[in-house]
Amino acid sequence: MPYLSRPDQRKQAKWMRYLLKRQHGRCAYCSREMIKGHAKLHPTFDHVQARSRGGVHHLENGKAACRECNQAKGALSFYRPRIRQISRD
């Protein structure tokens with residue numbers, strides 16, 4: 001992502017607070033609780049319609065996603081995470 005000026009950084013932070021509140025602090029894709037500073041579960045702004053595919057950088061085109069899901073989704077317009085299997089030992 002290119003460098004954001006201070007007003008853009010404030011807008012981005014405001015959007016993220018709104019999305020986290022709307023999603024109850026959970027990832028839009030895997031529903032895990034996101035944790036600031038955690039390597040995989042850090043909240044990130046995900047463009048539902050990827051910018052590389054014509055999506056716009058706007059709140060209506062965004063979801064809060066954990067870093068792991070956002071990186072796995074990449075430029076896909078739809079993403080469903082793999083369901084984690086629970087071992088029954």
Check: residues 16-23 side-chain donor-acceptor pairs under 3.5 Å, at least two apart:
{"unit_1": "Gln23", "atom_1": "OE1", "unit_2": "Ala64", "atom_2": "N", "d": "3.1"}
{"unit_1": "Gln23", "atom_1": "NE2", "unit_2": "Arg26", "atom_2": "O", "d": "3.0"}
{"unit_1": "Gln23", "atom_1": "NE2", "unit_2": "Ala64", "atom_2": "O", "d": "2.9"}

**Lys14 side chain vs Gln9 backbone, donor-acceptor pair below 3.5 Å** = no
Determine the minimum heavy-atom distance between [X] and [Y], stating which atoms define it.
X: Arg53; Y: Gln49; answer: O-NE2, 3.1 Å
X: Cys27; Y: Ala65; answer: SG-CA, 3.8 Å
X: Ala28; Y: Lys63; answer: CB-CD, 3.6 Å

**Request:** Check the pair Lys11, His57 against side chain to side chain contact (heavy atoms under 4.5 Å, CB included), reporting the backbone distance first and the verdict last.
**Result:** CA-CA 11 Å; Lys11 180 171 63 173; His57 183 63; 5.6 Å; no
**Request:** Taking the side chain as every heavy atom from C-beta outward, state whether Glu68 and Arg32 have any pair of such atoms under 4.5 Å apart.
**Result:** yes
**Asked** Side-chain contact, heavy-atom cut-off 4.5 Å: His42 with Cys66?
**Response** no
**Prompt:** Hydrophobic cluster mates of Val56, side-chain heavy atoms under 4.5 angstrom, ILVMFWY only, any path?
**Reply:** none
**Message:** Between Asn70 and Tyr29, is there a side-chain donor-acceptor contact under 3.5 Å, judged purely by atom types and distance?
**Reply:** no
**Prompt:** What is the distance from atom CZ of Arg51 to atom CG of Asn61, rounded to the nearest 0.5 Å?
**Reply:** 9.5 Å
**Request:** Kindly write out the residues that satisfy side chain to side chain donor-acceptor pair (under 3.5 Å) with His58, not counting sequence neighbours, or none if the list is empty.
**Result:** Glu60
**Item:** Same cluster (ILVMFWY, side-chain, under 4.5 Å), Phe45 and Leu41
**Value:** no
